[in-house]
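These numbers were taken from a predicted model, which means no experiment stands behind them. Lettering of chains follows the sequences in order, A, B, ..., and the numbering in each one begins at 1.
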Amino acid sequence: MLDIKLLQNNFEEISTKLRKKRVDETLLEELKEISIELKERKKILEELQAEQNKKSKMFGVYAKEGKDINELKAELSKNKEEIAKANEIVKELEDKLTKIASTIPNIPDESVPDGEDEEDNIELEKILTPPSFDFTPKEHWDLAESNGWLDFKRGVKLSKSRFTVIRHDGAKLARALINYMIKFNEDRGFKEVMVPYIANRETLVGTGQLPKFEDDLFKIEDEDLFLIPTAEVPLTNLFNDEILSQDELPIKLTSYTECFRKEAGSAGRDTRGMIRQHQFSKVELVAISEPKDSEKVFNEMVDCASDLLKSLGLAHRKVLLCGGDLGFSAAKTIDLEVWLPGQGKYREISSISNTFDFQARRAKIRYKDGKKNRLVHTLNGSSLAVGRCMIAIMENYQQRDGSIKIPKVLEPYM
RNA sequence: CGGGAGAUGGCAGAGCGGUUGAAUGCACUGGUCUUGAAAACCAGCGAGGGUCACACCUCCGGGAGUUCGAAUCUCCCUCUCCCGGCCA
């Protein structure tokens, strides 16, 4: 959630920054006006309430002294009606305010470059050189089928398109990757957690998926529950409405979950193979930190994911997302894109974001700073998406005969 | 899914419809005492909004209602616990 006070006081600055995210400026203008009116109306209401409270207390005194209370009663009846009226106005304004405010994305950090879409993202660094082949490398769907690792047809039969069955050594590799990643993350101070895959509305609002992006989520029929689109949702909301003590920060967590996304709006993209699925495995990193440390923790997370790829021998690059490509909750995001020889392209395999206090404000996650309660910063990032990592291994470790070598570090986990 | 009990501050646990945002205990923080610690004693100690700071407003699971006044009364919802059914 946007800091409304910040918007009131620094309107020009905030709206300029939000232009990077293509936020309708009239909406911001409206938000500001509502918030100012709300403040005034609230003051009126509170004054009426104060009077009501004060005079109501007199009843006890009057009763003791045996005084007549009828006049007082009539006065308060009237006041009560005014309170009801004032209250209605305030509630209406509050509703409007939260409705608008909850759909406004986070403000991009200063370091975020201007830009429309992924074309304008900035490559920060290349790690490892892509392997060369003395034959034409295949795409992962060919390799997966010839090795019997993936069964696309039967996945569709069981559910629908964008669902896949993973088999044999493919399934083993997936499990190995999960265990390897978690171990890797634990060695860097991230504690493992297992969480529910189904979350309620409040939880999804806390991290920003709701109310705006309900169409992207699988909803449980007749329940106000949703399948999680990422472990970020339950992990961050572990601390929903909590006040953490300073010395337990930063909290660093890692978790393997399945993720579920409707992929509404991506019709026709990556329909072949396993790049874009409705269900996929992912090992996630989440951190809760003091504001002053979040940049440092952010870099740790980027390094953690990048070093993990490096340890698997996978060439990749770090990309700083431009304003137009930033997600709703993110103030700053670095993507890791892995080299896929079959496609001859770098493709996203990890995305690490710092949301600053945006999610913390929504989810009411605070910490005690001396006597004051302050909002924490929340960060999240894929350790790696398991499916895409498998694709990368298939394509990068393919042999002339179509077989696939397993990276050395994974052998103990197979 | 059926039957019963309950939901109050970090925890435990009081609370007659009237100056109760809430007794008490524990925990915690500061102080006195002590060589130091413990004990004892004194003081402070929920959250959100508001204010330069006060004042003031809201919050006793959530929502609606009765009342001049609700933690206390009524209705609905949610959750928790116990018993039974089902089950990894």
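Note on A/Asn79: nothing from the nucleic acid sits closer than 4.0 angstrom, heavy atoms only. Counting any heavy atom pair closer than 4.0 Å across all strands shown, A/Glu47 reaches no nucleic acid atom. Residue A/Ile243 is classed as a sugar-phosphate contact, given heavy-atom separations below 4.0 Å to backbone atoms only. No engagement by A/Lys78 is indicated, since no non-hydrogen atom pair under 4.0 Å with the nucleic acid exists. Residue A/Lys57 is in sugar-phosphate contact alone, with no base atom involved, counting any heavy-atom pair closer than 4.0 Å across all strands shown. Using a 4.0 Å heavy-atom cutoff across all strands shown, A/Lys39 reaches sugar-phosphate atoms only and no base atom.
Take the nearest nucleotide of RNA chain B for A/Lys91 and for A/Lys371: the residue whose nucleotide is more 5' is A/Lys371. Mapping A/Glu51 and A/Arg374 onto RNA chain B by nearest heavy atom places A/Arg374 at the nucleotide closer to the 5' end.
Between A/Cys389 and A/Leu312, some side-chain heavy-atom pair lies under the 4.5 Å cut-off.
A/Lys42 has no carboxylate O lying under 4.0 Å from a charged side-chain N of A/Glu46, or vice versa, which leaves the two without a salt bridge. A/Glu263 and A/Arg276 are joined by a salt bridge, as a carboxylate oxygen and a charged side-chain nitrogen come within less than 4.0 angstrom of each other. The existence of a salt bridge linking A/Arg22 and A/Glu116 is confirmed by a sub-4.0 Å separation between a basic side-chain nitrogen and an acidic carboxylate oxygen.
Atoms NZ (A/Lys73) and P (B/G18) sit 16 Å apart, rounded to a whole Å. Taking atom CG of residue A/Leu45 and atom P of nucleotide B/G48, one finds them 21 Å apart after rounding to whole Å. The distance from atom CD of A/Glu242 to atom C1' of B/G9 is 15 Å, rounded to the nearest whole Å. As rounded to whole Å, 9 Å separates atom C1' of B/A47 from atom CG of A/Asp241.
Residue A/Asn373 has a polar side-chain atom (N or O) positioned under 4.0 Å from OP1 or OP2 of B/A47. Within the 4.0 Å cut-off from OP1 or OP2 of B/A47, at least one side-chain nitrogen or oxygen of A/Lys368 is found. For B/C79, neither phosphate oxygen OP1 nor OP2 lies less than 4.0 angstrom from any side-chain nitrogen or oxygen of A/Asn200. Residue A/Lys5 places at least one side-chain N or O under 4.0 Å from the OP1 or OP2 atom of B/G50. For the OP1/OP2 pair of B/G69 and a distance below 4.0 Å, the side-chain nitrogens and oxygens of A/Lys80 include at least one atom meeting the criterion.
Among the nucleotides B/C57, B/C68, B/A47, the one closest to the side chain of A/Glu46 is B/C57. Distance from the side chain of A/Gln49 is smallest for B/C57 among the nucleotides B/C57, B/G69, B/A47. Residue A/Leu76 places its side chain closer to B/C68 than to any other of B/C57, B/C68, B/G48.
The separation of B/C45 from B/A7, taken at their C1' atoms, amounts to 24 Å, rounded to a whole angstrom.
Side-chain N or O atoms of A/Asn354 include one that pairs as donor or acceptor with a backbone N or O of A/Phe356 at under 3.5 Å. Between the side chain of A/Gln277 and the main chain of A/Thr164, a donor-acceptor pair closer than 3.5 Å is present.
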